[in-house]
Amino acid sequence: MIRINEHYRKLQSSYLFSDIAKRVAAFQQAHPETEVIKLGIGDVTRSLPEACIEAFHRAVDEMGEDATFRGYGPEQGYPFLREKIAEFDFQARGAEVAADEVFISDGTKCDTGNFQELFAADIRVAIPDPVYPVYLDTNVMAGRTGAFSQGRYKGITYLSSTAENGFVPTLPDEPVDLIYLCFPNNPTGATIAKDRLKEWVDYARDHRALILFDAAYEIFIRDDGLPHSIYEIDGAREVAVEFRSLSKTAGFTGTRCAYTVVPKDCSAYTADGEKTSVHALWHRRHTTKFNGVSYPVQRAAEAIYSAEGRSQVRERIDYYLANAGRIREAMRGLGYTCAGGKNSPYIWIDGKTESWAFFDLLLNRAGVVCTPGVGFGPCGEGFIRISAFNSRENVDRAMERIKEALGA
Ligand code: MLT
């Protein structure tokens with residue numbers, strides 16, 4: 001008899017964004033006349049930068065000639081891309097990262113979801129609340145939790161992120177081994193200062209723990225004092241892995257390209273306490289289970305580091321940040337308290353009512369899709385997240401409709 005992984009039965013019915021898509025589809029069927037404006041899932045709407053398109057085309061042409069055709073590429077990614085990443089994203093900011101510590105992949109969702117499988121089933125995991133659901137669900141699938149009860153899984157150390165702590169969690173009271181952090185944060189849009197991030201690095205060093213640092217929204221940081229990478233913090237190379245994505249950076253949500261940095265100094269331990277290289281483990285896993293991102297996509301990704309590519313990316317991020325500012329100001333004008341929306345494409349709004357009730361109200365009365373905060377964890381109850389990823393026109397229309405719907 002073929003038996004299932006029983007841990008899957010502990011998962012909540014479906015993935016948050018699939019739930020939302022179903023509700024939106026039902027609404028659209030009932031109201032075909034309403035043009036729904038989607039400010040829910042963080043999916044970009046601006047095109048790939050022109051520099052990427054040109055590089056993409058050139059690489060496709062190379063694939064059309066025997067002389068320049070490429071088959072399987074290096075599993076860790078082509079050196080031409082990894083070298084640019086190490087230089088522009090890290091060394092230029094004084095962070096020590098070498099090209100051979102970069103693993104190119106097809107997404108940060110996959111990498112943050114897969115990374116936990118390197119570690120023992122009985123480690124203690126610390127996960128923020130609210131949180132990008134992938135970190136939690138993949139640990140549930142791996143059997144690291146007990147049952148789900150009152151919005152939380154037993155066995156997980158939750159790091160509450162609330163208005164009181166500025167949505168930056170404080171160190172856990174109990175010892176933990178694996179820590180997930182995401183800054184600029186999804187969903188709250190909060191950022192972390194260097195001294196606060198250093199507290200986490202010091203904690204990980206003191207407890208022989210590992211930090212999985214999701215920096216998928218790093219490109220939105222505009223305040224000079226904020227760290228873009230955890231490797232800007234002394235001592236982080238030994239205790240942190242960093243995830244970056246081109247999805248929001250350069251519009252690769254459909255094209256797929258991301259990368260993970262695993263420093264060679266980073267360690268985990270055997271049951272006997274023997275130091276083991278996390279880089280070697282991830283390399284083993286990556287080369288066994290993944291065959292690389294396609295050559296044209298990696299060439300397109302490389303193009304974001306050219307002078308034109310950098311300015312085209314900057315223009316797109318400015319555009320989304322301006323959207324975020326308009327959303328934040330409009331919601332504030334309606335009397336709502338907002339976090340995020342600066343150094344982040346997400347605005348985290350205290351809806352003063354249950355998250356799903358506010359979600360339904362905006363959908364039914366304004367035809368606007370947001371994301372209910374409680375979908376990211378119980379600390380998100382009462383909040384909604386609005387994403388800045390849409391056209392200026394749609395953002396302005398959405399805000400007008402929300403004003404009308406709320407009777408302002
Ligand atoms: C989000 O809306 O939270 C993200 O777009 C989801 C993702 O990047 O997978």
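Values reported hereafter were calculated over all heavy atoms of this structure, with side chains retained and with hydrogens, waters and symmetry mates removed. Throughout, residue positions are numbered sequentially from 1 according to the sequence presented. Both ligands and their constituent atoms are indexed starting at 1 by order of listing.
Listed by number with element, the atoms of ligand 1 under 4.0 Å from a non-hydrogen atom of Ile41 are 2 (O), 5 (O). Near Gly42, meaning under 4.0 Å from any of its heavy atoms, are these atoms of ligand 1: 1 (C), 2 (O), 5 (O).
Among protein heavy atoms, the minimum distance from atom 5 (O) of ligand 1 is reached at Lys248 NZ, 2.7 Å.
Using a 4.0 Å cut-off between charged side-chain N and carboxylate O, Arg310 and Glu308 make no salt bridge.
For an aromatic pair to be called close, the ring centres must be under 6.0 Å apart, and Tyr78 with Tyr295 satisfies this.
Between Tyr132 and ligand 1, a contact under 3.5 Å exists for at least one N or O pair.
Checking Tyr180 against Tyr132 by side-chain atom types alone, no donor-acceptor pair falls below 3.5 Å.
Although no hydrogens or angles enter the test, the distance criterion places no donor-acceptor pair under 3.5 Å between the side chain of Ser245 and the main chain of Gly107.
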Discussion item. Glu50 vs Arg316, test: salt bridge (charged side-chain N to carboxylate O under 4.0 Å, His left out). Steps then yes/no.
Written reply: CA-CA 11 Å; Glu50 298 76 357; Arg316 282 161 173 77; 3.7 Å; yes
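When heavy-atom distances to ligand 1 are checked against a 4.0 Å cut-off, Tyr346 comes that close only through its side chain, counted from C-beta outward. Only side-chain heavy atoms of Asn186 come within less than 4.0 Å of ligand 1; its backbone N, CA, C and O stay farther off.
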